[in-house]
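Single-structure report; data block below.
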2 protein chains.
Amino acid sequence: MAIQKTLIPDELRYQLLKKLHANPDISQRELSRQVGLSLGKTNYCLKALIEAGWVKAGNFARSSNKLNYAYVLTPKGVSEKAAVTVRFLQNKQEQYRQLENEITLLKKEAAVQK
Amino acid sequence: MAIQKTLIPDELRYQLLKKLHANPDISQRELSRQVGLSLGKTNYCLKALIEAGWVKAGNFARSSNKLNYAYVLTPKGVSEKAAVTVRFLQNKQEQYRQLENEITLLKKEAAVQK
DNA sequence: CAATTGCGTTCATGTCGTGAACAGTTGCGG
DNA sequence: CCGCAACTGTTCACGACATGAACGCAATTG
C-alpha cells in the first residue's frame with residue numbers, strides 16, 4: 001500500500017501562504033506563533049509547501065545567512081494562494097448556509113423545551 | 001497533578017442527549033452509527049453522561065434483559081438538554097457572525113488576486 | 001575569543017480515537 | 001432441551017498525530 005503523506009488542509013494552506021506572502025522573511029518559530037501551530041508542525045508543513053513547489057526557501061537575509069531562510073512564494077505558489085482562497089471562501093459560504101439551517105432548527109427546539 | 005478526565009464538548013453532549021431523549025431504547029452500536037462516533041467513544045461518553053447524573057441506564061427491554069439497557073434521561077438530564085441546546089444555539093450564532101466577517105474579508109482577497 | 005542568541009531540524013513522549021476481540025445473554029430452529 | 005447465531009456492553013492494544021525540549025550550527029555581541 002502506498003504511504004499517504006498527511007496532506008495539509010485548505011485552512012492551514014491558506015493561512016500559511018497568506019502569512020508567507022505578506023512576510024517572507026519570517027522564522028518558523030514566529031510563523032508558528034502567528035498561525036497558532038506547534039513548531040514541529042510548522043516545520044512539517046513548510047517542507048510540504050516547498051516540496052509542492054509553492055514556496056522556495058532562499059537565504060537572502062543579512063549577507064547570505066546559511067540559516068534564517070526567506071520563504072518566498074513561487075509563481076505557482078501565488079496562483080495556488082489565489083485558488084485556495086477561492087476554495088476556502090466557497091467552503092465558508094457553504095458552512096454559512098448550513099449554520100443558518102441548524103440555527104433555525106435549534107431555535108425551534110429551544111422554544112419547545114422552554 | 002490531578003488527572004483531568006476528558007470532558008464531552010457541548011456539540012456531542014447536545015447530540016447524544018437529543019438522540020437518547022427521542023429514543024432511549026437504542027444500543028451503543030446504533031447510537032454510534034447515528035451520531036457518527038466510534039463504538040469506544042460512544043461507550044466512554046455514555047458512561048460520562050451516566051456519571052454526571054443526566055442519564056440512567058435501566059434495563060427494561062423485553063422482560064428485564066440483562067444487557068440491552070435503556071438509556072433514559074433523568075430530570076436533571078432533561079434540563080441539561082434544554083440548557084445545552086441554548087448554549088449550542090448561542091455558539092452557532094457566534095460562529096455565524098464570525099463567518100460573515102471572514103467571508104467579506106475573503107471576498108476582498110479573492111477580488112484582489114483575480 | 002567566549003558567550004549568547006536565534007535558526008532549522010529531529011524525535012522521544014504523551015494523547016487520543018479506533019474497532020477487533022471477548023464474555024455474557026437472548027431467541028430461534030431442530 | 002440444546003447448540004447456534006445474533007445481539008449486547010466492555011475492554012484495550014494499536015496506530016496516528018501533535019508537541020516542544022534538545023541538538024548542531026551560524027551570526028552577533030561583549
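Throughout, protein chains are lettered first and strands after them, A, B, ... in sequence-line order, and every chain is numbered starting at 1.
Heavy atoms only, all atoms of each residue included: His21(A) and Val78(A) are closest at NE2-CG2, 4.4 Å. Heavy atoms only, all atoms of each residue included: Leu73(B) and Lys81(B) are closest at CD2-CD, 4.1 Å.
Whole-Å rounding puts the Leu39(B) CG to dT8(D) P distance at 10 Å. Spacing between atom CG of Leu7(A) and atom C1' of dA16(D) amounts to 14 Å, rounded to whole angstrom units. Between the CG atom of Leu12(A) and the C1' atom of dA18(D) there is a distance of 12 Å, given to the nearest Å. Atom P of nucleotide dA18(D) and atom CD1 of Ile8(A) are separated by 11 Å, given to the nearest angstrom. Whole-Å rounding puts the Leu20(A) CG to dG8(C) C1' distance at 15 Å. One interatomic measurement links the two molecules: OH of Tyr44(B) to P of dT18(C), which rounds to 14 Å at whole-angstrom precision.
Gln34(B) and Glu30(B) are linked by a side-chain donor-acceptor pair at a separation below 3.5 angstrom, with hydrogens and angles left out of the test.
Residue Lys47(B) has a polar side-chain atom (N or O) positioned under 4.0 Å from OP1 or OP2 of dT11(D). Close to dG6(C), at under 4.0 Å from its OP1 or OP2, lies no side-chain N or O of Ser27(A). Put simply, Tyr71(B) has a side-chain N or O that comes within less than 4.0 Å of OP1 or OP2 on dG9(D). Checking the phosphate oxygens (OP1, OP2) of dG9(D), no side-chain nitrogen or oxygen of Asn43(B) falls inside 4.0 Å. Contact between the side-chain N/O atoms of Gln28(B) and the OP1/OP2 oxygens of dT10(D) is found at a separation under 4.0 Å.
Nearest to the side chain of Lys41(A), among dA18(D), dG17(C), dG9(D), sits dA18(D).
Mapping Glu30(A) and Arg29(B) onto DNA chain C by nearest heavy atom places Glu30(A) closer to the 5' end of the strand.
With salt bridges taken as basic N to acidic carboxylate O contacts below 4.0 Å, none links Glu100(A) and Arg97(A).
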